[in-house]
Amino acid sequence: MARDYYGILGVDREATEQEIKRAYRKLARKYHPDVNPSEEAAEKFREISMAQEVLLDPSKRRIVDRGGDPMEQGAAGPGGAGGFGGFGDIFEAFFGGAGQGREPRSRVQPGNDALLRTAITLDDAFTGVKKEVTVDTAVLCDVCTGTGSESKSKPVTCDHCHGTGSVEEVQQSFLGNIMTTRDCPKCRGFGELIKDPCRQCAGDGRVRSRRDLTVNIPAGIADGMRIRMAGQGEVGHGGGPAGDLYVEVHTQPHPVFAREGDNLHLRVTVPMYEAALGTSVTVDTLGGGEASIEVPAGTQPNERVVLSGAGMPRLRSQEAGDMIAHIDVVVPTELRPEEREALESLRDGHAHSATVTSEDAGHSESFLGRMRGRFRR
């Protein structure tokens with residue numbers, strides 16, 4: 001059985017702090033060990049001291065008012081358990097008891113952010129584009145305009161939790177009284193109720209809806225980047241402010257160009273005689289124009305031709321990357337008679353022929369290194 005701390009001091013349950021102190025002083029003058037040295041008086045003095053401590057502590061007094069005993073496991077003296085408070089106090093701190101002073105949740109809450117993915121072409125990423133997207137999110141209810149009430153009236157205080165948004169329970173355990181706090185089951189922790197919930201949103205203040213938006217995708221955007229559209233995400237509970245919408249952009253592969261940062265790479269196939277004599281190749285660019293790639297005479301296999309500033313535009317900049325052409329020199333496998341005759345004449349008049357190159361011949365890169373580089377390409 002829980003102690004009757006009010007009865008120990010002889011005060012009623014509505015006693016004020018001053019009345020409790022006054023009652024304690026009156027009894028202390030009678031049972032203080034300096035006045036009454038008997039064992040019965042000493043025990044009585046410990047009881048009234050403990051009762052004063054409990055009733056002057058708001059959190060402990062709330063436990064008493066709910067039928068519990070905060071000192072049940074700490075009755076060794078005032079303060080309990082050697083001055084560290086009872087187990088009831090410890091559990092109250094862990095489980096968020098009445099001493100925590102928790103406020104009810106606001107009915108109007110900010111909404112969550114939303115994420116949408118869209119695909120664009122490399123041409124779109126080069127020039128920038130306005131893209132139409134369809135979004136399915138929570139929007140403001142157009143019947144109650146976010147109030148949750150059919151008549152748009154204000155909520156009333158919950159009669160179950162009296163506006164606190166939570167209810168407290170004292171449970172008996174082998175460790176003593178444990179106080180737990182949970183959301184009020186009637187108002188769901190809001191501390192207030194809507195008397196006439198909206199027929200469309202059921203009092204939530206928002207409904208799901210599909211809508212179309214235009215996304216401005218800037219020139220130079222890279223694969224995987226996100227565009228933030230402020231206030232276009234989920235509307236919050238109770239008509240709270242909407243979160244943001246993030247549009248994640250993914251670029252589709254291009255048949256000619258491969259992107260690496262702000263640079264564009266492509267492969268150009270050149271017959272061996274054009275690589276020896278030099279030539280030019282025209283390529284259609286992403287912007288709809290043309291670029292001329294000049295292949296100088298004597299170009300070797302896997303050499304590169306760089307067109308500065310012909311690559312992808314840089315975000316929020318007037319500069320651009322490079323266009324890099326990787327040259328593939330093609331050796332013919334079938335020759336017409338006149339082609340064979342011309343090549344034989346070239347061979348016969350050339351001073352050099354096929355040789356084996358030594359690894360210590362002064363080359364800056366080893367054979368294996370060159371082979372690895374070719375496979376990487």
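No hydrogens, no waters, no symmetry mates; every other heavy atom, side chains included, goes into these values. For reference, positions follow the sequence shown, starting with 1.
You'll find the side chain of L335 reaches within 4.5 Å of the side chain of L343, heavy atoms only. The shortest side-chain heavy-atom distance between P155 and L193 does not fall under the 4.5 Å cut-off. Proximity of L122 to L286: side-chain heavy atoms (C-beta onward) are separated by under 4.5 Å at one or more points. At least one side-chain heavy atom of L116 sits less than 4.5 Å from a side-chain heavy atom of V135. When side chains are defined from C-beta on, R206 does not count as touching C201, because their heavy atoms never get closer than 4.5 Å. A 4.5 Å side-chain heavy-atom check between K131 and T118 finds at least one atom pair inside the cut-off. The shortest side-chain heavy-atom distance between L9 and I20 falls under the 4.5 Å cut-off. With a 4.5 Å cut-off on side-chain heavy atoms, S149 and P197 do not count as touching.
For the side chain to side chain contact (heavy atoms under 4.5 Å, CB included) criterion with M225, the lone passing option out of T251, V249, L315 is L315.
One side chain, E294 or S292, offers a donor N or O that lies under 3.5 Å from an acceptor on the other. Side-chain contact of Q252 with H250: a donor-acceptor pair under 3.5 Å is absent, judged by distance alone. When only modelled atom types and interatomic distance are considered, Y6 and R61 share a side-chain donor-acceptor pair under 3.5 Å. At a cut-off of 3.5 Å, with distance as the only test, no side-chain donor of D183 or S166 sits close to an acceptor on the other residue. No hydrogens or angles considered: a donor-acceptor pair under 3.5 Å links the side chains of T134 and D212.
Between K21 and E17 a salt bridge is recorded (basic side-chain N to carboxylate O distance below 4.0 Å). D136 has no carboxylate O lying under 4.0 Å from a charged side-chain N of R211, or vice versa, which leaves the two without a salt bridge.
Although no hydrogens or angles enter the test, the distance criterion places a donor-acceptor pair under 3.5 Å between the side chain of E234 and the main chain of A138. At least one donor-acceptor pair under 3.5 Å links the side chain of E19 to the backbone N or O of T16. Listed for the D196 side chain is a donor-acceptor partner under 3.5 Å among the backbone atoms of S151. Although no hydrogens or angles enter the test, the distance criterion places a donor-acceptor pair under 3.5 Å between the side chain of S49 and the main chain of F45. In this structure a side-chain-to-backbone donor-acceptor pair under 3.5 Å is missing from E334 to P332. Side-chain N or O atoms of T121 include one that pairs as donor or acceptor with a backbone N or O of D124 at under 3.5 Å. In this structure, the side chain of R107 engages the main chain of E192 through a donor-acceptor pair within 3.5 Å. Side-chain atoms of R259 come within 3.5 Å of backbone N or O of G261 as a donor-acceptor pair. Checking side-chain atoms of R105 against main-chain N and O of R188 turns up a donor-acceptor pair under 3.5 Å. Side chain of D322 to main chain of I324: no donor-acceptor pair is present (N/O by atom type, distance under 3.5 Å, no hydrogens or angles).
The nearest pair of heavy atoms linking G203 to I194 is O-CD1, 3.8 Å. Nearest heavy-atom pair, A275 versus V329, reported as atom, atom and distance to 0.1 Å: CB-CG2, 3.9 Å. Between P313 and D262, the shortest heavy-atom distance links the atoms O-OD1, 4.2 Å. Nearest heavy atom pair, residue V235 against residue G240, reads CG1-O, 3.5 Å.
Atom CG in D113 sits 11.5 Å away from atom OG1 in T137 (nearest 0.5 Å). The distance from the CD1 atom of I221 to the CD1 atom of I120 is 6.0 Å, given to the nearest 0.5 Å. In this structure, Y5 OH and E47 CD are separated by 9.5 Å, a value rounded to the nearest 0.5 Å. The line from CD of E248 to CZ of R117 is 4.5 Å long, rounded to the nearest 0.5 Å. The line from NE2 of H265 to CZ of F257 is 11.5 Å long, rounded to the nearest 0.5 Å. A distance of 13.0 Å separates CD1 in I293 from CZ in R304, rounded to the nearest 0.5 Å.
Heavy atoms of other residues, nucleotides or ligands lying less than 6.0 angstrom from CD of E341 number 12 at most. Within a 6.0 Å radius of CD in E39, no more than 12 heavy atoms belonging to other residues, nucleotides or ligands are found. Heavy-atom neighbours of R13 CZ from other residues, nucleotides or ligands within 6.0 Å: above the threshold of 12. By the neighbour-count criterion of 12 heavy atoms within 6.0 Å, atom CD of E14 is sparsely surrounded, having that number or fewer from other residues, nucleotides or ligands.
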Next on the checklist: Between Q232 and L213, does the side chain to side chain contact (heavy atoms under 4.5 Å, CB included) criterion hold? Intermediate values first, please.
Outcome noted: CA-CA 9 Å; Q232 295 295 338; L213 295 175; 3.7 Å; yes

Item to check | CA sep, side-chain torsions, deciding dist, call: E40, E43, side chain to side chain contact (heavy atoms under 4.5 Å, CB included) | outcome: CA-CA 5 Å; E40 293 79 2; E43 179 63 27; 5.9 Å; no

Next on the checklist: Before you tell me yes or no, could you show the steps for L266 and V268 under side chain to side chain contact (heavy atoms under 4.5 Å, CB included), namely the whole-Å CA-CA distance, both residues' side-chain angles and the distance that decides it to 0.1 Å?
Outcome noted: CA-CA 7 Å; L266 73 156; V268 176; 4.2 Å; yes

Checklist entry - Given E290 and T282, is the side chain to side chain donor-acceptor pair (under 3.5 Å) satisfied, shown in steps? => result CA-CA 7 Å; E290 292 182 343; T282 300; 5.3 Å; no

Checklist entry - For L115 and R226, what are the C-alpha separation, side-chain angles and deciding distance, and is it a side chain to side chain contact (heavy atoms under 4.5 Å, CB included)? => result CA-CA 9 Å; L115 175 64; R226 293 180 178 181; 3.7 Å; yes

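Cluster annotation: Y246 and M229 are assigned to distinct hydrophobic clusters (Ile/Leu/Val/Met/Phe/Trp/Tyr, side-chain heavy-atom contacts under 4.5 Å, transitive).
The ring of H237 has its center closer than 6.0 angstrom to the ring center of F190.
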